[in-house]
Amino acid sequence: MIVDNTQTQMRKGILEYCILSIISRGEIYASDIIGELKKARLLVVEGTLYPLLTRLKNNGLLSYVWKESTSGPPRKYYQITPAGLEVLIRLDTTWEELVFAVQTSMEGRDKQTTESSN
């Protein structure tokens, strides 16, 4: 259905932005990123997250460090790089522009929808 496809594309479009925003708060483990995304109701599985983290790292936007874990093997903790922070700031501006565009395009919609159904 077209609505499902549009919703999927919208979520994919903001996923990278949300991940950079989460990592910008401080060093974080991948499963904690998934937890933060779930809390935001943006459900992501590991099979989606890890390739995205790798791509962001390969583009110089993230780095990681290995840390020993008390409950298993060492864990990879991600952090945002200065280049990643620069991209995030630019994405903040883009997000604000998109929010404005959507809100502006929706103005008066409820009134017109009600009038046309009468």
Side-chain angles (χ1 to χ4, degrees):
M1 176 176 223
I2 193 165
V3 172
D4 293 336
N5 184 48
T6 301
Q7 289 172 332
T8 299
Q9 293 304 315
M10 290 170 76
R11 285 186 177 101
K12 282 182 182 179
I14 64 164
L15 183 57
E16 190 170 304
Y17 176 49
C18 291
I19 289 170
L20 286 172
S21 292
I22 290 167
I23 296 173
S24 74
R25 299 181 210 154
E27 203 171 75
I28 189 167
Y29 182 56
S31 65
D32 294 331
I33 295 170
I34 291 173
E36 289 294 315
L37 292 170
K38 283 182 182 175
K39 195 180 345 177
R41 291 189 267 169
L42 189 59
L43 302 178
V44 175
V45 294
E46 288 182 6
T48 301
L49 180 63
Y50 284 108
L52 181 52
L53 290 171
T54 299
R55 190 173 82 241
L56 292 170
K57 186 219 169 271
N58 290 344
N59 288 330
L61 306 181
L62 299 179
S63 62
Y64 62 81
V65 294
W66 287 98
K67 292 191 175 186
E68 291 299 322
S69 170
T70 56
S71 60
R75 294 179 173 184
K76 201 184 277 189
Y77 283 81
Y78 292 88
Q79 53 209 14
I80 197 163
T81 64
L85 197 53
E86 191 175 307
V87 166
L88 180 59
I89 290 167
R90 291 178 62 195
L91 291 175
D92 286 338
T93 301
T94 302
W95 177 250
E96 290 168 10
E97 291 168 352
L98 287 169
V99 168
F100 176 79
V102 170
Q103 288 174 336
T104 301
S105 67
M106 290 174 59
E107 285 178 5
R109 187 177 74 182
D110 291 337
K111 182 180 176 185
Q112 287 185 359
T113 304
T114 303
E115 289 173 359
S116 65
S117 64
N118 288 334

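Computed from a prediction, not measured in an experiment: that's the story for all the values here.
Going from atom CD of E97 over to atom CG of D92 covers 11.0 Å, rounded to the nearest 0.5 Å. Distance CD1/I23 to CG/L62: 4.5 Å, rounded to 0.5 Å. We find the CD1-CD distance between I80 and E86 to be 10.5 Å, quoted to the nearest 0.5 Å.
S21 and L88 make their closest contact through OG-CD1, 3.5 Å (heavy atoms, listed as atom of the first residue, atom of the second, distance). Considering all non-hydrogen atoms of both residues, A83 and G60 come closest at CB-O, 3.7 Å.
At a threshold of 4.5 Å between side-chain heavy atoms, the hydrophobic network of Ile, Leu, Val, Met, Phe, Trp and Tyr places V99 and I14 in one connected group.
Remark: Y29 pairs with Y77 by the ring pair (Phe, Tyr, Trp, His ring centres under 6.0 Å) rule, at least two apart or across chains.
Side chain of S69 to main chain of P74: no donor-acceptor pair is present (N/O by atom type, distance under 3.5 Å, no hydrogens or angles).
At least one side-chain heavy atom of T8 sits under 4.5 Å from a side-chain heavy atom of K12. No side-chain heavy atom of V65 sits less than 4.5 Å from a side-chain heavy atom of Y78.
When the shell of 6.0 Å around CD of Q7 is examined, it contains more than 12 heavy atoms from other residues, nucleotides or ligands.
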If you look only at distance, which donor and acceptor atoms sit under 3.5 Å apart when one is on a side chain in residues 30-46 and the other is two or more places apart or in another chain?
unit_1	atom_1	unit_2	atom_2	d
E36	OE1	R25	NH1	2.9
E36	OE2	K39	NZ	3.2

Give every donor-acceptor pair under 3.5 Å between a side-chain atom in residues 49-59 and any protein atom, sequence neighbours left out.
unit_1	atom_1	unit_2	atom_2	d
T54	OG1	Y50	O	3.0
R55	NH2	E16	OE1	2.6
N58	ND2	T54	O	3.4
N59	ND2	R55	O	3.2

